[in-house]
Structure formats: C-alpha cells, structure tokens
Amino acid sequence: QVQFVESGGGLVQPGGSLRLSCAASGRIFSIYGMGWYRQAPRKQRELVASISSGGGTNYVDSVKGRFTISRDNAKKMLYLQMNSLKTEDTAVYYCNTWGGTPSSPLSGLWSWGQGTQVTVSS
C-alpha cells in the first residue's frame with residue numbers, strides 16, 4: 001500500500017509560479033511511473049504530466065513548456081514546477097501512479113490523497 005500527501009498549492013495571479021510536492025509512503029515508490037493529475041470543478045480528473053521510473057517525462061499539450069515534473073526516488077517525492085500559470089490551470093492537483101494509459105491497471109493504482117488546491121486568479 002502506498003499513500004500520497006500533496007502540498008504546495010495556493011492562490012496565484014496569472015503568470016505566476018507554484019511548485020507542488022507529493023510525499024509518498026511505502027517502500028516501492030521508485031518502481032512506478034508517476035503522474036500529476038488535476039480536477040477542475042465540474043470536470044473529470046485528467047493527467048497533466050507523467051514521469052516513468054527511469055525519468056522519462058510526458059505532458060498534456062496545454063501545459064507543455066510551462067510545467068516540469070520531477071521525482072526524487074531516494075526521498076520518495078514527486079514534484080511539479082508550474083510556471084506561467086493561467087486561469088484554466090485552476091484545479092485540485094493530485095499525484096498517483098501512471099501506467100502509460102488511463103485504462104492501465106497501474107494508473108491510479110493507490111488511493112487518492114486529499115490533493116492540493118491551485119487557484120489562478122487576478
């Protein structure tokens with residue numbers, strides 16, 4: 001069993017930056033691909049960035065060039081650096097495993113944490 005605790009969200013003006021952190025419990029964090037997901041009001045949760053166990057990264061088109069995902073396996077931490085934030089980035093952000101496709105049994109493998117609220121507003 002792995003549990004996640006997200007932090008680092010807040011209120012920021014358009015164009016601002018935030019760095020999200022995800023602390024994972026459990027001993028086997030390093031073997032999983034990981035992702036940052038977000039859920040905006042009245043919308044489904046979506047993956048915005050993923051990182052493989054080997055460090056390869058992928059991003060949804062809407063955040064490419066603005067967001068950077070990284071991980072520290074020794075500390076069992078996942079990060080999301082968000083720059084040039086837009087109002088449409090407003091959402092609750094979560095971390096969880098990513099298995100390559102939404103339907104993979106390795107995607108969203110463990111229980112969802114509380115998430116961290118990101119609000120981009122002037």
Side-chain angles (χ1 to χ4, degrees):
Q1 180 72 7
V2 178
Q3 293 180 319
F4 304 109
V5 178
E6 301 92 349
S7 62
L11 173 64
V12 63
Q13 292 185 339
S17 298
L18 285 172
R19 188 191 193 212
L20 306 185
S21 298
C22 167
S25 67
R27 291 181 286 179
I28 53 175
F29 171 79
S30 63
I31 70 171
Y32 292 109
M34 292 295 299
W36 279 101
Y37 301 75
R38 68 185 179 190
Q39 187 167 20
R42 299 174 298 280
K43 292 188 176 180
Q44 288 191 331
R45 185 154 42 204
E46 63 169 347
L47 178 80
V48 295
S50 66
I51 185 166
S52 69
S53 57
T57 59
N58 279 290
Y59 301 90
V60 68
D61 285 347
S62 61
V63 308
K64 280 182 181 177
R66 300 189 298 120
F67 289 11
T68 302
I69 188 171
S70 60
R71 66 191 298 166
D72 184 331
N73 288 334
K75 295 181 178 179
K76 293 185 287 186
M77 294 292 295
L78 183 73
Y79 304 101
L80 186 69
Q81 177 66 45
M82 305 188 298
N83 299 326
S84 302
L85 282 161
K86 303 177 180 180
T87 55
E88 52 262 44
D89 295 319
T90 295
V92 179
Y93 285 71
Y94 304 87
C95 61
N96 211 315
T97 57
W98 173 245
T101 65
S103 60
S104 168
L106 294 179
S107 295
L109 180 62
W110 304 111
S111 297
W112 296 93
Q114 294 295 312
T116 186
Q117 175 71 49
V118 172
T119 303
V120 185
S121 175
S122 55

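Here, residue 1 is the first one in the sequence, and each next residue gets the next number.
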* Are side-chain heavy atoms of C22 and Y93 found at a separation under 4.5 Å? -> no
* Once you round to the nearest 0.5 Å, how far does OG1 of T68 lie from CH2 of W36? -> 13.5 Å
* To do: Given side-chain contact (heavy atoms from CB on, under 4.5 Å), test W110 with Y32 step by step and report yes or no.
  => CA-CA 11 Å; W110 304 111; Y32 292 109; 3.4 Å; yes
* Is there a donor-acceptor contact under 3.5 Å from the side chain of S107 to the main chain of T101? -> yes
Listing, residues 49-58 side-chain donor-acceptor contacts under 3.5 Å, not counting sequence neighbours, or none:
{"residue": "S52", "atom": "OG", "partner": "G54", "partner atom": "N", "Å": "3.2"}
{"residue": "S52", "atom": "OG", "partner": "G55", "partner atom": "N", "Å": "3.2"}
{"residue": "S52", "atom": "OG", "partner": "G56", "partner atom": "N", "Å": "2.9"}

Can you give me every donor-acceptor pair (side chain of residues 78-88, partner residue at least two apart or in another chain, under 3.5 Å) with its distance?
{"residue": "Q81", "atom": "NE2", "partner": "N83", "partner atom": "OD1", "Å": "2.9"}
{"residue": "N83", "atom": "OD1", "partner": "S17", "partner atom": "OG", "Å": "2.9"}

* Asked: Any donor-acceptor pair under 3.5 Å linking the side chain of N96 with the backbone of G35?
  -> no
* **Steps toward side-chain contact (heavy atoms from CB on, under 4.5 Å) verdict (E46, V48)** => CA-CA 6 Å; E46 63 169 347; V48 295; 4.2 Å; yes
* Given the rule in the side-chain contact (heavy atoms from CB on, under 4.5 Å) test, do M34 and I69 qualify, once you have shown the distances and angles that lead to the verdict? -> CA-CA 9 Å; M34 292 295 299; I69 188 171; 5.6 Å; no
* Asked: Can any side-chain N or O of E6 pair as donor or acceptor with the backbone N or O of C95 at less than 3.5 Å?
  -> yes
* To do: Give the cluster check for V92 versus L11: same hydrophobic cluster or not, with ILVMFWY residues linked at side-chain heavy-atom distances below 4.5 Å.
  => no
* Asked: Going hydrophobic residue to hydrophobic residue with side-chain gaps under 4.5 angstrom, can you get from V60 over to L20?
  -> yes
* Co-membership, hydrophobic cluster, residues M77 and L109, 4.5 Å side-chain -> no
* Evaluate side-chain contact (heavy atoms from CB on, under 4.5 Å) for V63 paired with R38, printing each intermediate quantity in order. => CA-CA 12 Å; V63 308; R38 68 185 179 190; 4.0 Å; yes
Which atom pairs, one a donor and one an acceptor, fall under 3.5 Å between side chains of residues 112-122 and the rest of the protein, sequence neighbours left out?
{"residue": "T116", "atom": "OG1", "partner": "G9", "partner atom": "N", "Å": "2.9"}
{"residue": "Q117", "atom": "NE2", "partner": "A91", "partner atom": "O", "Å": "3.4"}
{"residue": "Q117", "atom": "NE2", "partner": "T119", "partner atom": "OG1", "Å": "3.3"}

* Asked: Would a 4.5 Å heavy-atom cut-off, applied to side chains only, mark Y94 and F4 as touching?
  -> no
* Do you know which two heavy atoms are closest between T97 and Y37, and how far apart they sit? -> O-OH, 2.6 Å
* Asked: Do R66 and Y59 have side chains that get closer than 4.5 Å, going by heavy atoms?
  -> no
